[in-house]
2 protein chains.
Amino acid sequence: MKTTFGEYIRLLRTKKELTLTQLAAKLNLDSANLSKIENGIRDFDEKRLPKLAKIFGLNLKELRNEYITDQLGKKIYETNCTKQLLKVAEEKAEYRRNLNKNLQTEKAV
Amino acid sequence: MKTTFGEYIRLLRTKKELTLTQLAAKLNLDSANLSKIENGIRDFDEKRLPKLAKIFGLNLKELRNEYITDQLGKKIYETNCTKQLLKVAEEKAEYRRNLNKNLQTEKAV
DNA sequence: TTAGATTTGTCAAAAAATGACAAGTCTTAT
DNA sequence: ATAAGACTTGTCATTTTTTGACAAATCTAA
């Protein structure tokens, strides 16, 4: 998937020939806001992922992966983060994972 | 730098032998909150980066890079994003950059 | 113990995200 | 041309999240 999450939703929606109003109703949200989501003006709320998965018969885990990569991609884009810096960010994530691991073993003692 | 941004601040602060109260004053914030920042309970507010750079005689751009890699690293950590998914996220960032580029040229027409 | 440094808890204020609705544009069928 | 439906845009109240501020606790060294 090399689109934004909003474009992805639009793709799913049009393939099923649903209108904004119809899909919005299924998702419990306003069609105007869904329009903004598809157009990248607003974010899709993570708590609706299970509903979205169900509506389109998608695997929730995979959908969530689409979602988090979109979120991260957006942040990478917004911060103008180069590949080089992204590597540093990944190392810092790794560092946090280790911090957490150490906390766990500490607790065990 | 393979520490969190909070730890980094603490490092800078102790190297200069400043107390939380002293540095907090220079940064225009509460020492209790600075403590939380150093301990990773709260985030450092981006708008204070220029002040922070000045206080410690750091290059603002480099400091900002430390900051955004920390922010991204935190998000990568929190979302349990694997390296593989991170690659996807980077591709999506690239996609957004192209979207934006096309918008610019469209405007020109 | 006491003083200073740091941490933790809490709450109000500020900021950001979301929901809701009205009014607009755009397209298509008649 | 216009009427209907689909979509977009603007705005504002509500909700949620983040931040600032202060009190009280703990910790540490003299």
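- Side-chain proximity of A/K47 to D/dT9, D/dG20, C/dG19: nearest is C/dG19.
- Residues B/D43 and B/D30 each lie close to DNA chain D; by heavy-atom proximity, the contact nearer the 5' end of the strand is made by B/D43.
- Using a 4.0 Å heavy-atom distance criterion, A/S35 is classed as a base contact.
- In this structure, the side chain of A/N39 engages the main chain of A/S35 through a donor-acceptor pair within 3.5 Å.
- The pair A/K2-A/E66 fails the salt-bridge criterion, with no side-chain N (NZ, NE, NH1 or NH2) lying under 4.0 Å from an Asp/Glu carboxylate O.
- Between the side chains of B/Y95 and A/E7, a donor-acceptor pair is found at a separation under 3.5 Å.
- Here CG of B/L34 is found 6.5 Å from CD1 of B/I9. Values are rounded to the nearest 0.5 Å.
- Atoms CD (A/E46) and P (D/dT17) sit 12 Å apart, rounded to a whole Å.
- Across the protein-nucleic acid pair, B/L34 atom CG and D/dC22 atom C1' stand 16 Å apart, rounded to whole Å.
- Under a hydrophobic-cluster definition in which Ile, Leu, Val, Met, Phe, Trp and Tyr are linked whenever side-chain heavy atoms come within less than 4.5 Å, directly or via other members, A/Y77 and A/L86 are assigned to different clusters.
- In this structure, B/N39 places its CG atom 17 Å from P of D/dT26, rounding to the nearest Å.
- Rounding to the nearest 0.5 angstrom, the gap separating the CD1 atom in A/I76 from the CG atom in B/L72 is 6.0 Å.
- Residue B/R13 contributes atom CZ, which lies 12 Å from atom C1' of C/dT7 at whole-angstrom precision.
- Look at CD1 on B/I41: it is 15 Å from P on D/dT18, rounded to the nearest Å.
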Are there any protein N/O atoms within less than 3.5 Å of an N/O atom in nucleotides 10-14 of chain D, and if so, which ones and at what distance?
from   : atom 1 : to    : atom 2 : distance (Å)
D/dG10 : N7     : A/K36 : NZ     : 3.4
D/dG10 : O6     : A/K36 : NZ     : 2.8
D/dT11 : O4     : A/K36 : NZ     : 3.2

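- Nucleotide C/dA16 holds its C1' atom 14 Å from the CD atom of A/Q71, rounded to whole Å.
- Regarding A/L23, its CG atom lies at a distance of 10 Å from the P atom of D/dC7, rounded to whole Å.
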